[in-house]
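Below you'll find the structure, written out as structure tokens, and then a few comments.
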Amino acid sequence: MATLSIIGTPIGNLEDITLRALRVLSAADLILCEDTRMTKRLLDRHNLSKPTLSYHAHSKLARANEIVSMLREGKNLALVSDAGTPGISDPGSALVALVRKELAQELASGALKIEAIPGPSALTSALSIAGVPCAEFSFLGFLPHKKGRETIFKEIASSERTMVFYESPHRIAKALSSLKDHLGPQKQVTVCRELTKIFEEVISGSAGDVLAYFTSHPDKERGEFVVIVSGEPGAL
Ligand code: SAM
């Protein structure tokens, strides 16, 4: 039986990897990566030496056909992304969708298994420390840069549910400024920055407060960010 193992990997701290993930990585015939250099850092840290292949470099279609053929031959492949859980706002899900489509028969007959090897995600890590209501929430991934952006901010402002999105360092100030324009002062905004890394921090307050923090600390507009907007003002 061939296996495609979808493996969660660290979002910063290279120790954040499960025993099962390490075992499956070390047993795989090949590791499919977003960026082979990023994955090599993780493998080196855990003394693993394995062949790797970038699944979205060069001609995406040629690579996809190559991967499908390997699974047909009964190979055990591991799939990782640069950070966190493959498929959560990264290209992992496109490959899984393609394998599910192309190898539907093999999946149905049991000749192929696609398995989850769960691990960290910036989404769940941020929610776990923010202290906001998250029995239910909406995850928006990366916000659109232009078309639909205004509508999304209106949706965030009117939502009774906690809303979460990912943001890049180039756009964090812009996003906070839009939140300030759209949200009432009583809605709580939480920015989780550089999770699991040396400069991890959580900044919380009204959109105006959080924007003011970044405006007065421009050096903090670096790194990786998760933004959380609470639905119910002040509720836990
Ligand atoms: N698949 C990943 C996951 O499970 O979280 C997300 C991949 S997405 C391409 C990368 C975005 O996730 C970053 O731009 C940032 O918004 C967020 N992110 C990843 N690592 C993070 C970290 N250590 N701290 C805060 N946000 C992070």
Side-chain angles (χ1 to χ4, degrees), residues 1-58 60 63-64 66-100 102-103 106-107 110-130 139 141 164 166 192-202 223-226:
M1 183 177 70
T3 312
L4 177 61
S5 307
I6 314 301
I7 304 184
T9 59
I11 56 168
N13 187 324
L14 294 181
E15 289 181 2
D16 291 334
I17 185 147
T18 67
L19 296 174
R20 185 174 172 219
L22 290 175
R23 178 174 56 73
V24 173
L25 283 170
S26 67
D29 293 309
L30 178 70
I31 302 173
L32 305 172
C33 318
E34 206 181 333
D35 178 341
T36 52
R37 287 161 304 181
M38 286 288 286
T39 301
K40 188 152 186 327
R41 282 182 51 220
L42 174 70
L43 297 178
D44 286 349
R45 170 69 180 76
H46 295 285
N47 300 315
L48 293 175
S49 172
K50 278 278 148 185
T52 55
L53 180 77
S54 161
Y55 54 81
H56 78 137
H58 312 299
K60 277 191 201 165
R63 272 290 146 88
E66 200 181 331
I67 290 164
V68 165
S69 301
M70 285 190 277
L71 290 169
R72 264 203 191 105
E73 287 162 16
K75 295 255 189 320
N76 292 320
L77 306 185
L79 184 150
V80 299
S81 55
D82 283 352
T85 298
I88 308 298
S89 292
D90 67 34
S93 49
L95 185 65
V96 176
L98 183 124
V99 169
R100 285 205 173 276
E102 294 293 315
L103 298 176
E106 288 79 354
L107 280 163
L112 168 66
K113 183 179 171 197
I114 299 181
E115 66 179 10
I117 314 288
S121 174
L123 169 64
T124 47
S125 303
L127 285 170
S128 75
I129 57 171
F139 176 54
V164 190
Y166 285 167
C192 298
R193 171 178 176 261
E194 293 290 82
L195 290 163
T196 77
K197 304 186 202 177
I198 296 170
F199 298 109
E200 170 175 316
E201 64 180 324
V202 176
E224 302 192 276
F225 301 87
V226 181

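Fair warning: this is a prediction, and the values are worked out from it, not measured in the lab. As a basis for the values below, the full set of heavy atoms in this structure was taken, side chains included, without hydrogen atoms, waters or symmetry mates.
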Exercise. Just by modelled atom types, is the L30 backbone N or O under 3.5 Å from a matching donor or acceptor in the T52 side chain?
Worked result: no

Exercise. Is atom CZ of R41 surrounded by more than 12 heavy atoms (other residues, nucleotides or ligands) closer than 6.0 Å?
Worked result: no

For this session: Would you check if the side chain of E34 reaches a backbone N or O of D82 as a donor-acceptor pair within less than 3.5 Å?
Result: yes

For this session: With sequence neighbours left out, write down each residue that passes ring pair (Phe, Tyr, Trp, His ring centres under 6.0 Å) with F139, or none if nothing qualifies.
Result: Y166

Exercise. Say you draw a straight line from CG of L77 to OG1 of T3; how long is it, rounded to the nearest 0.5 Å?
Worked result: 8.5 Å

Exercise. Roughly how far apart are D35 CG and S81 OG, rounded to 0.5 Å?
Worked result: 11.0 Å

Problem set entry | Evaluation steps, side chain to side chain contact (heavy atoms under 4.5 Å, CB included), between V226 and L123 | CA-CA 7 Å; V226 181; L123 169 64; 5.6 Å; no

Exercise. Does the side chain of I11 come within less than 4.5 Å of S125's, by heavy atoms?
Worked result: yes

Exercise. Nearest 0.5 Å, what's the CD1-CG distance between I67 and L98?
Worked result: 8.5 Å

Exercise. At what distance, to the nearest 0.5 angstrom, does CG of L53 lie from SG of C33?
Worked result: 7.5 Å

Exercise. Which residue pairs pass the salt bridge (charged side-chain N to carboxylate O under 4.0 Å, His left out) test when at least one of the two sits in residues 47-56, sequence neighbours left out?
Worked result: none

Exercise. Can you name the residues that form a side-chain contact (heavy atoms from CB on, under 4.5 Å) with D29, not counting sequence neighbours?
Worked result: K75, N76

For this session: Would you check if the side chain of E115 reaches a backbone N or O of L4 as a donor-acceptor pair within less than 3.5 Å?
Result: no

For this session: Go through the structure and list residues passing side-chain contact (heavy atoms from CB on, under 4.5 Å) with S93, not counting sequence neighbours.
Result: none

Exercise. Taking only residues two or more places apart in sequence, or in another chain, which ones meet A21 in a side-chain contact (heavy atoms from CB on, under 4.5 Å)?
Worked result: I7, I17, T18, I117

Problem set entry | Rounded distance (nearest 0.5 Å) linking atom NZ of K40 with atom CG of L48 | 11.0 Å

Exercise. Looking at residues at least two apart in the chain, or sitting in another chain, which of them share a side-chain contact (heavy atoms from CB on, under 4.5 Å) with S128?
Worked result: none

